[in-house]
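I have placed the structure first, in the form of structure tokens, so that the comments after it can refer back to it.
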Amino acid sequence: MLSKLLSKQVVNQGLRLTTRTLSTASQQKLVDRKPDVKYQKLFINNEFVDALGGSTYEIINPTTGDVITEVADASEKDIDRAVKAAKDAFRLGSEWRRMDPAGRGALLYRLADLIERDRAYLAALETLNNGKPFKDSYNIDIPHCISVLRYYAGWPDKMNGKVLPLGGDFFSYTRREPIGVVGQIIPWNFPMILLCWKIGPSVATGCTSIIKLDEHTPLTGLYTAKLIEEAGFPPVRILLLKRKTSSQIEKSIFLQGVINIVAGDGPHCGASLVKHPDVHKIAFTGSTQVGKIIGVECAKQVKRTTLELGGKSPNIVFADCDLDLAVEMSHFALFFNQGQCCCAGSRTYVDEKIYDEFVQRSVERTKRRKVGDPFDDSTEQGPQISHEQMDKILDLIESGRRNGAKLLTGGERHGDKGFFVQPTLFADVQDNHRIAREEIFGPVMQVLKFKSIEEVVERANDSDYGLAASIFTKDLDKAIVVSNALRAGSVWVNTYDNFDPVAPFGGFKQSGLGREKSEYSLDSYSETKCVTMKISERNS
Amino acid sequence: MLSKLVSRQVINQGLRLANRTASTVAQQKIVGDRNPDIKHRRLFINNEFVDAYSKNVFEVLNPSTGDVLTEVADASDRDVDLAVKAAKDAFRLGSEWRRMDPAARGALLNKLADLIERDRAYLAALETLNNGKPFQDSYNVDIPHCVAVLRYYAGWPDKMNGKVLPVGGDFFSYTRREPIGVVGQIIPWNFPMILLCWKIGPSVAAGCTSIIKLDEHTPLTGLYTAELIKEAGFPPGVINILSGDGPHCGASLVKHPDVHKIAFTGSTQVGKIIGAETAKLVKRTTLELGGKSPNIVFADCDLDTAVEMSHFALFFNQGQCCCAGSRTYVQEGIYDEFVQRSVERAKRRKVGDPFDDTTEQGPQISHEQMDKILDLIDSGKRAGAKLQIGGQRAGDKGFFVQPTVFSDVNDNHRIAREEIFGPVMQILKFKTVDEVIERANDSDYGLAASVFSKDLDKAIVVSNGLRAGSVWVNTYDNFDPVAPFGGFKQSGLGREKSEYSLDSYTETKCVTIKISERNS
């Protein structure tokens, strides 16, 4: 009971949905198990178009393995079209370039309103396509999208340049200008959230973009394209068009080309976006393996690149922690979203003094984890995204067994339909086991034992990854000293997965390049220009 | 015709209403309701409308007619006490307001902007009825600007970072930007809604609670906004709104020991009294006071723009702008032509019923202000400045003053040194850059200034040489919420609007923690 109560607190505390900022986002659920799939085509220049050549591919429901629908399959030629649209929208003197900064903010705010309006539909579609529990889609993913967009809505008119105190008779200032045309590649684990993480800063800074949705999960993104079109009626346009007919006003789409959204695979669609000479920046969220390929490709054109990649994040549980909280939060840190989080707390280091109790209670908690139909109200865990992912996870579980880690629960596929994996817990894991070094991206928890602070800090940092980390302790000094010693972009103390839009997110080391969310993200979407003018006489 | 076209551009360019940011706030001509229903006449304390403790009321006049519009509750020190108590309660540690997410404060400001936008026509009509400014201005300038300001501040609460400090030794140190607490805010009568929103924006963004005193001449739109504040969902006590006079209501707010900061917009004379009073309690104070802003027109300017913009700089809002361009320095090569064209423009200025679609200038706010303006005009005549046009009261009903232009004004004339706050333009002649900078800066004021020139070097060097908080080049009265506004010298203390304003509503707290081992 306590644990159940805690569990709800954990999610509230951890995810920080900031639903309080939503005007209507109550916790009510209107579950539509079969949301109508309305958009299957590419969104280029504010029009839904077939792929050139007309090819499509199948979208699978991970809960059943059945085909949901077919979606246009973007190829290199479609990328060319989308880049051209984005480039046109970015030309000097275009309405997008001439728009007031606050106008860009108003658009983001409007888009957030529309997502909020269609929250139940988007949540159902996300669950259908991704398999995550509907109550998560509805109470976490979609509200978070709204918060993120509203956060960025406030930025455009606050991104100051500076006036510089140069010596000599000069007047000098900096401007923060948009990088230009950006290519953004979205993964399948949080299709809507990561879409909004990309839209927010690119619109705030004034870039235009081509967004490639993951081939597994394009449905909510394509629907959002429709909302982008709907949001795109800033009054300046209406003012300018006063002389034209009202039907022209309705047809005039202000955002034409500013955001283009395509569905397609990585090797063809993604690669041609990355290589396109008119794309000035790539923002990629996905695996470290693919991130390195993209980084090399971008380097050839000195293309700006931000990468949010994989992780093997240490979660350090000290003996002086609140054990109820630590057990529940560590469970959440790993199992949330079917374990498909780049920042999953996938190396749980537990102080030897509480190790046995922690393991026992974690196993109990894991055994209680409800796996099944994601539209069921009581489901905590849905399917993995694909058969391939499921197989990869099962293979890593197998390696854990073979290496001698102690499998205490789970370890098998769950059922025979869809791509479900049992909640799995390994104890007595060693640092050199594959399951302690490689990203599993599934519901598989590794518990490791430690003795001293110095030891655990060293072991925690002994990884090519550096995305996130966490600490559970009540001790002030330990909390600060260990937090500051860990080599990771996000460190959470007595909490996990705090994703407030205000906080930066991104990796040290091979977990990525650059930061998303927060003020820091704006740097990745802007170029700094310094203008210096000779004047006749400078005074202080 | 050209001048008419320029005129519209001038207002668009000058005021920068940023109404493009409001979802429906487009500029348009609509007919204002001449008799808007007055819905609120009582004090707004703790989200309730209440009578003054004394039950006293005062009369609110229509400056277009001099007739009484209505009676409004007259707040005294007892009411200030109640309002301060409400604000203090709302600010207690652990209160709903203190515990609210930063982003939720932003959402409240956005909601208030939505409601003001919804009631734009009504608020504009009420503002015109009470203040006398042309309805076309209330509707297309004042109210859209309010919406833009609130939306601007809506984005700030979750972006006001503290810092983590690279202290030496084994310490961990960070700063937090905490709200100052209970703030008293005093609003003038020239832009009742706009300056109300300038005060609400940063105080709410920073997380303060406030007691707002509306000017006794113009409380009507502010009291209606109180209802919108309640409708938007602000917790009780966060914003309290009082109507009352300066010597009693304002003074007790300024002196109240539980008020941590005073933000005042008004005259320099009253600002100094307030500053002296708040200094006794080391109370934080921001002051937006008077001005005598120089507008410098170089011979190499675009003359059409300069004439129209200089006219706008002075005559906008019946000349009742603290930043009015009230010393128009014109270079000798174009002086005669500038004067002639400025007189022609002033002659065309349409004075009259502010609800009339074609009216450019309504009444002054009060008989007292009208008399003061006429007295200064008289001093100008006596001192030997050349009265080119105007100089009299317009009509015999209400508080109208003719658009007035003086040429050949000398720097030592009263009309070149004192704030007139009316439709009276002073044109002065200058020869050189160095001379005009020196003369322009020779004032106790330093609120605004402007330069008209096409020359790159002159524009920058003169802008940087002027001692004023806002310098506009080839434009005037650009009030984008993003830009700071406030005075050098005796024109004020602190800045409003922009990121700078947030500093005036926050205290910086530095927390330093001893730790066992610091590493880079």
Side-chain angles (χ1 to χ4, degrees), chain A residues 16 18-23 99-110 113 147 150-160 163 169-171 204 231 233-240 242 453 476-481 483-485 500-502 518-519 533-540, chain B residues 16 18-28 99-111 114 144 148 151-161 164 170-172 205 233 433-434 456-461 463-465 480-483 498-499 513-520:
Chain A
R16 298 293 302 119
T18 57
T19 45
R20 277 177 277 179
T21 66
L22 305 184
S23 47
M99 185 187 273
D100 273 3
R104 297 201 302 272
L107 277 176
L108 286 171
Y109 216 88
R110 174 91 178 121
D113 287 345
S147 299
R150 290 200 175 141
Y151 169 74
Y152 281 108
W155 267 123
D157 55 9
K158 296 174 187 71
M159 293 174 58
N160 299 321
V163 172
D169 290 330
F170 297 99
F171 172 72
F233 290 95
V236 62
R237 182 65 178 184
I238 293 163
L239 276 174
L240 290 171
K242 255 183 183 163
I453 294 184
L476 172 66
D477 188 65
K478 212 179 287 170
I480 297 173
V481 172
S483 294
N484 293 354
D500 198 306
V502 164
S518 84
E519 188 172 358
M533 297 181 182
K534 179 78 178 76
I535 56 173
S536 57
E537 183 184 317
R538 184 187 54 80
N539 285 275
S540 64
Chain B
R16 296 296 300 121
N19 53 19
R20 279 178 272 181
T21 67
S23 46
T24 60
V25 184
Q27 281 212 19
Q28 46 188 265
R99 299 269 300 130
M100 187 181 278
D101 273 3
R105 295 203 303 273
L108 283 174
L109 286 172
N110 250 316
K111 179 71 178 162
D114 289 344
R151 293 205 198 285
Y152 169 74
Y153 280 108
W156 268 122
D158 56 8
K159 297 172 187 72
M160 294 172 57
N161 299 320
V164 172
D170 289 331
F171 297 98
F172 173 72
V433 172
D434 290 345
L456 170 66
D457 188 65
K458 211 179 286 172
I460 296 173
V461 171
S463 295
N464 294 354
D480 198 306
V482 164
S498 83
E499 188 170 358
I513 302 174
K514 177 79 178 78
I515 57 174
S516 57
E517 183 184 317
R518 184 187 54 80
N519 285 275
S520 62

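All of these numbers come straight from a predicted model, not from anything done at the bench. Chain identifiers are assigned alphabetically (A, B, ...) following the order of the sequence lines, protein sequences preceding nucleic acid strands; residue numbering begins at 1 within each chain.
Of the two parts of A:K478, neither the backbone nor the side chain holds a non-hydrogen atom closer than 4.5 Å to a non-hydrogen atom of chain B. Heavy-atom distances place the backbone of B:K514, and not its side chain, under 4.5 Å from chain A. For B:L108, no part sits under 4.5 Å from any heavy atom of chain A, backbone or side chain. Heavy atoms closer than 4.5 Å to chain B are found in the side chain of A:N160, but not in its backbone. Interface residue B:I460: only side-chain heavy atoms are found under 4.5 Å from chain A. Contacts between A:I535 and chain B at a heavy-atom distance below 4.5 Å involve backbone atoms as well as side-chain atoms.
Here NZ of B:K159 is found 6.0 Å from NZ of A:K158. Values are rounded to the nearest 0.5 Å. To the nearest 0.5 Å, atoms CG (B:N464) and CD (A:E537) are separated by 11.0 Å.
Each of A:N539, A:D169, A:D477, A:V502 has some count of heavy-atom pairs under 4.5 Å with chain B, and the biggest count is that of A:D477. When the candidates B:G233, B:G155, B:S520, B:P157 are compared by the number of heavy-atom contacts under 4.5 Å with chain A, B:G155 comes out ahead.
Counting heavy atoms from C-beta on, the side chains of A:M533 and B:L456 come closer than 4.5 Å. Under the 4.5 Å side-chain criterion, counting only non-hydrogen atoms from C-beta, B:I513 is in contact with A:L476.
Between the side chains of A:Y151 and B:D158, not a single donor N or O lies within less than 3.5 Å of an accepting N or O.
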